[in-house]
Protein chains: 2
Amino acid sequence: MEHKIKLKNTPVRNAILKIFKEASVPLDAEMVFKKISKIKDLKGTNEATIYRNLTTLEQGKVLRKIDLRKDSIHFELADLHHHHIVCTSCEKVEDFENKEIEKILSKVTKKSEKFTKVTDHSLELFGVCRECA
Amino acid sequence: MEHKIKLKNTPVRNAILKIFKEASVPLDAEMVFKKISKIKDLKGTNEATIYRNLTTLEQGKVLRKIDLRKDSIHFELADLHHHHIVCTSCEKVEDFENKEIEKILSKVTKKSEKFTKVTDHSLELFGVCRECA
DNA sequence: TTGAATGCAAATCGTTTGCATCTCA
DNA sequence: TGAGATGCAAACGATTTGCATTCAA
């Protein structure tokens, strides 16, 4: 349960990290809250604590924010950098990786006039999955 | 002032479209609201009307939602499909286009297992601009 | 005429925050 | 011990919605 940042090693925070490591899709605060609430020793955890942890972990570059064009902000582990195809009519999310895109992006980045460094990017595809089609 | 969808041709809606056509950056509801409020004949326009129009225009594929990792949802004209480099510490946004990426994306799309069609995508880069660096 | 658009105010809902208390390091 | 973490409740702010009214087609 290694942290990249100097943060206290609390039960809730560890559980949140574990949840993200086991998750196959990006999670929002409510989803994390529900999962935490199912853990025997953490049942009483307050939702504000979840929000604070997500914020802290994102600032510490452990998590990354993702916009799936849903109502809430989603997060995933920052070190697993893949992209997503999101169904606009259900909750389905498919991951994909593509090295070519990363290469092109770094070229684009260098061409920028106003920016000296680009630290992160988001790439999401939106469509309709087989089931919803 | 051609609409792609059959919507009523109201003063507020036309003004909103004009604002987007003249905008060089994505706009959120509040920005549109402020611009509308400066127009003599539309000064009294209610903010809820702006929200409703943005929603309607997005559903009608006239506008596209964009997430700039700011507090609010931004929009831009759907037919101008470029991407953005966003400063995480100020409001600066730089546009860029890249045909290669589009090509790769259409390949990726075809490989998808769960999705039959991908209709849209978002690609935003995040970094720090010269001024903020 | 009539369905869509608007104004207004209240409601929603995801998220944040102040403050007292507790816990890890 | 002291900074960070948590609980709780209240606050916030962006966005939505119900309802009566107005307007475009």
Side-chain angles (χ1 to χ4, degrees), chain A residues 1-20 26-37 39-75 91, chain B residues 1-20 26-37 39-75 91:
Chain A
M1 221 51 57
E2 358 60 42
H3 298 179
K4 290 177 189 169
I5 49 178
K6 77 158 208 356
L7 291 175
K8 280 194 185 173
N9 195 8
T10 70
V12 175
R13 181 162 299 155
N14 287 333
I16 291 176
L17 286 173
K18 187 157 180 286
I19 285 167
F20 274 102
L27 306 173
D28 65 9
E30 200 197 344
M31 295 161 91
V32 174
F33 177 60
K34 283 182 183 164
K35 285 174 188 286
I36 287 285
S37 299
I39 300 172
K40 189 155 157 282
D41 298 325
L42 301 176
K43 230 178 269 304
T45 304
N46 195 280
E47 193 156 11
T49 301
I50 307 297
Y51 278 100
R52 277 192 276 232
N53 270 294
L54 294 179
T55 302
T56 307
L57 291 169
E58 198 241 341
Q59 289 169 344
K61 311 274 188 197
V62 178
L63 295 180
R64 166 189 296 112
K65 274 189 187 176
I66 299 182
D67 173 57
L68 302 182
R69 293 191 189 169
K70 307 287 182 186
D71 300 320
S72 53
I73 300 164
H74 289 66
F75 295 85
E91 301 300 311
Chain B
M1 219 50 58
E2 359 60 42
H3 299 178
K4 290 178 190 167
I5 47 177
K6 78 158 205 2
L7 291 176
K8 278 194 186 175
N9 194 7
T10 71
V12 176
R13 181 162 298 156
N14 287 334
I16 290 176
L17 286 172
K18 187 158 181 285
I19 285 168
F20 274 102
L27 307 172
D28 65 9
E30 201 197 344
M31 295 161 91
V32 174
F33 178 59
K34 283 182 182 163
K35 285 175 187 288
I36 287 285
S37 299
I39 299 171
K40 189 155 158 283
D41 299 325
L42 302 177
K43 230 179 270 305
T45 304
N46 195 280
E47 194 156 10
T49 301
I50 307 296
Y51 278 101
R52 277 192 276 232
N53 270 293
L54 294 180
T55 301
T56 306
L57 290 169
E58 199 242 340
Q59 289 170 344
K61 311 276 188 195
V62 177
L63 296 179
R64 167 188 296 111
K65 273 190 188 176
I66 300 183
D67 172 57
L68 302 182
R69 296 192 188 169
K70 308 286 183 188
D71 301 321
S72 53
I73 300 164
H74 290 67
F75 295 85
E91 300 300 311

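Below, chains carry the letters A, B, ... as their sequence lines are ordered, and counting in each starts from 1. As the structure is a computational prediction, the values presented were derived from the model and not from experiment.
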Non-neighbouring partners of B:Asp28 that pass side-chain contact (heavy atoms from CB on, under 4.5 Å), sequence neighbours left out: B:Glu30, B:Met31, B:Ser72, B:His74
Starting at atom CG of A:Leu54, determine the distance to atom P of D:dA5, rounded to an integer number of angstrom. 13 Å
Distance check needed: D:dG4 C1' versus A:Arg13 CZ, whole Å only. 8 Å
For A:Phe20 and A:Leu27 the tightest heavy-atom approach is CE2-CB, 3.9 Å
A:Ala48, nearest nucleotide to its side chain (from D:dC8, C:dT23, C:dT15): D:dC8
Taking CG from A:Asn9 and C1' from D:dA5, how many angstroms apart are they, rounded to a whole number? 12 Å
Of the nucleotides C:dA5, D:dT6, D:dT15, which has the atom closest to the B:Thr10 side chain? C:dA5
Closest heavy-atom contact between B:Ile50 and B:Ala29? CG2-O, 3.7 Å
Pick the nucleotide of DNA chain D nearest each of B:Pro11 and B:Asp28; which residue has the one closer to the 5' end? B:Asp28
Under 4.0 angstrom, heavy atoms only, what part of the nucleic acid is B:Asn53 near: base, sugar-phosphate, or nothing? sugar-phosphate
Between atom CG in B:Asp71 and atom P in C:dT17, what is the gap in whole Å? 10 Å
In this structure, how many angstroms lie between the C1' atom of D:dT6 and the CD1 atom of A:Ile36, rounded? 13 Å
Between B:Tyr51 (OH) and C:dG7 (P), how many Å, whole number? 15 Å
Nearest whole angstrom, please: distance from the C1' of D:dC12 to the CD of A:Glu47. 16 Å
Take a 6.0 Å sphere around NZ of B:Lys34 and say whether it holds more than 12 heavy atoms from other residues, nucleotides or ligands. no
Contact under 4.0 Å: A:Thr49 side-chain N or O vs D:dG7 OP1/OP2: yes
In whole Å, I'd like the distance from the CD1 atom of B:Ile50 to the P atom of C:dC8. 13 Å
Closest approach of B:Leu54 to B:Phe75 (non-hydrogen atoms, all atoms of both residues): CD1-CE1, 3.8 Å
The side chain of B:Asn46 lies closest to which of these nucleotides: C:dG7, D:dT15, D:dG7? C:dG7
Is any side-chain N or O of A:Arg52 under 3.5 Å from a base N or O of D:dG7, one able to act as donor and the other as acceptor? yes
